[in-house]
Amino acid sequence: RAAGAQLQFAMLPAALVPFLGFNVAMLACHMAAVPPQLFDPGCTKYFNRWVYLTYQSNVICTIYFGVSLVDDVLGDGALAPWLLTLFPLIFALGTFLTLAYYALDHFNPENFRRKERHKAQYPYVHWCSHLEHGHALPLVLLHGATVRLSPGAELPTSTDVARTVGVYYVFYLLWTHLNYSLTGLWQYPVINDVTRRGGVALRIVFFAALGSLFIVFGVGGSALLHAR
């Protein structure tokens, strides 16, 4: 029993550290970030923060690692099959959150100007962006590399990746276009940049490329578990 307790304690960081990390992101968003009604009032008129992939990703990951932590503490593993099936989505969200932010959004001139306009009232706005995005990738990597896998555990398949990662991406794409149809605005300046350069055709290619990348990240999450 003592050895089992030690093993259980050793596995707790696999869920505890990511759970705390994503809670930091949520706290930064609600306590230090520019409120959406000030940052982009037109785009967030109907769905508030929920229009942003960042917010959705942090909420989903916080819930996932909270449930994973509870499952670890209880020690019965009742939710393990569901948690394993969903991990490719969590890995894709965390990886995309970090890499896409720094590749597409952080250095975007329009996004930088938006933040600068509110820096006097919200002095930590730039630091807040790092806290909402920067550590997501390390956290999902940590979980994938250290989560307890019981003997005979059913690891996620390519079908699971398609059903979780693919379905979520299609949902978010539809959500984005619904918001655009209601407001006439895109939530990320990079979409405007792409549209100006190549019109609707290039925007379609852009969304397709992001979706493909999202799937690749999901496959990477599944591969990480299979390599254990």
Side-chain angles (χ1 to χ4, degrees), residues 4 7-26 29 50 52-103 131-175 209-228:
L7 177 63
Q8 190 70 19
F9 179 79
M11 294 301 177
L12 279 178
L16 178 60
V17 174
F19 177 67
L20 294 176
F22 281 103
N23 269 280
V24 168
M26 294 299 296
C29 173
W50 291 99
Y52 295 114
L53 181 63
T54 295
Y55 190 73
Q56 290 192 21
S57 298
N58 281 324
V59 169
I60 292 170
C61 288
T62 300
I63 294 172
Y64 176 88
F65 289 115
V67 172
S68 182
L69 181 61
V70 170
D71 194 56
D72 266 353
V73 170
L74 294 179
D76 57 4
L79 299 175
W82 289 99
L83 293 169
L84 287 174
T85 298
L86 289 172
F87 181 72
L89 172 61
I90 300 304
F91 189 84
L93 289 172
T95 304
F96 193 88
L97 192 59
T98 298
L99 298 184
Y101 171 70
Y102 288 105
L131 290 174
E132 288 184 88
H133 302 87
H135 57 282
L137 173 55
L139 292 177
V140 295
L141 279 171
L142 171 68
H143 185 74
T146 60
V147 65
R148 181 178 65 248
L149 297 176
S150 60
E154 294 187 12
L155 300 180
T157 64
S158 56
T159 301
D160 294 325
V161 174
R163 286 188 306 188
T164 56
V165 181
V167 168
Y168 177 78
Y169 184 75
V170 170
F171 157 75
Y172 187 73
L173 200 58
L174 293 174
W175 182 256
L210 290 184
S212 300
L213 191 61
F214 207 60
I215 293 291
V216 168
F217 291 155
V219 171
S222 178
L224 179 60
L225 294 179
H226 281 273
R228 294 279 304 280

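Heavy atoms only: backbone and side chains are in, while hydrogens, waters and symmetry mates are out.
The two residues Gly21 and Leu139 come nearest to each other via the heavy atoms CA-CD1, 3.7 Å. Nearest heavy atoms, Val147 versus Arg228: O-NH2, 2.8 Å. In this structure, Pro18 and His143 approach most closely via the heavy-atom pair CG-CB, 4.2 Å. Residues Ala80 and Asp71 approach most closely at N-OD2, 3.7 Å, considering heavy atoms. Heavy atoms only, all atoms of each residue included: Leu83 and Val67 are closest at CD2-CG1, 4.2 Å. Taking both residues in full, the closest heavy atoms of Met26 and Thr62 are given as CG-OG1, 3.6 Å, listed atom of the first, atom of the second, then distance.
Note: Asn23 CG to Cys61 SG = 11.5 Å, rounded to the nearest 0.5 Å. Ile90 CD1 to Thr95 OG1: the interatomic distance, rounded to the nearest 0.5 Å, is 11.0 Å. Taking CG from Leu79 and CG from Leu84, the interatomic distance works out to 11.0 Å, rounded to the nearest 0.5 Å.
Using the six-membered ring where Trp is involved, His133 and Tyr101 have ring planes that are parallel, under 30° apart on the 30 and 60° scheme. The aromatic rings of Phe22 and His135 are tilted relative to each other, their planes meeting at an angle between 30° and 60°.
Residues meeting the ring-ring contact (aromatic ring centres under 6.0 Å, His included) test with Phe19, sequence neighbours left out: none.
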Checking side chain to side chain contact (heavy atoms under 4.5 Å, CB included) for the pair Tyr64/Leu89: CA distance, chi angles, key distance, verdict?
CA-CA 10 Å; Tyr64 176 88; Leu89 172 61; over 6 Å; no
Evaluate the side chain to side chain contact (heavy atoms under 4.5 Å, CB included) criterion for residues Thr54 and Leu97: first the C-alpha distance (whole Å), next the side-chain angles of each, then the deciding distance (0.1 Å), finally the verdict.
CA-CA 6 Å; Thr54 295; Leu97 192 59; 3.7 Å; yes
Please report the C-alpha distance between Leu93 and Val140 in whole Å, then the side-chain angles of each, then the deciding distance to 0.1 Å, and finally whether the side chain to side chain contact (heavy atoms under 4.5 Å, CB included) criterion is met.
CA-CA 9 Å; Leu93 289 172; Val140 295; over 6 Å; no
Show the numbers, then the answer: is there a side chain to side chain contact (heavy atoms under 4.5 Å, CB included) between Phe96 and Leu210?
CA-CA 9 Å; Phe96 193 88; Leu210 290 184; 4.1 Å; yes
Can you give me every donor-acceptor pair (side chain of residues 216-225, partner residue at least two apart or in another chain, under 3.5 Å) with its distance?
unit_1	atom_1	unit_2	atom_2	d
Ser222	OG	Pro156	O	3.0

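Applying the side chain to side chain donor-acceptor pair (under 3.5 Å) test to pairs two or more places apart or on separate chains, those with a residue in residues 161-174 are Gln56-Tyr168, Asp160-Arg163, Tyr172-Gln187.
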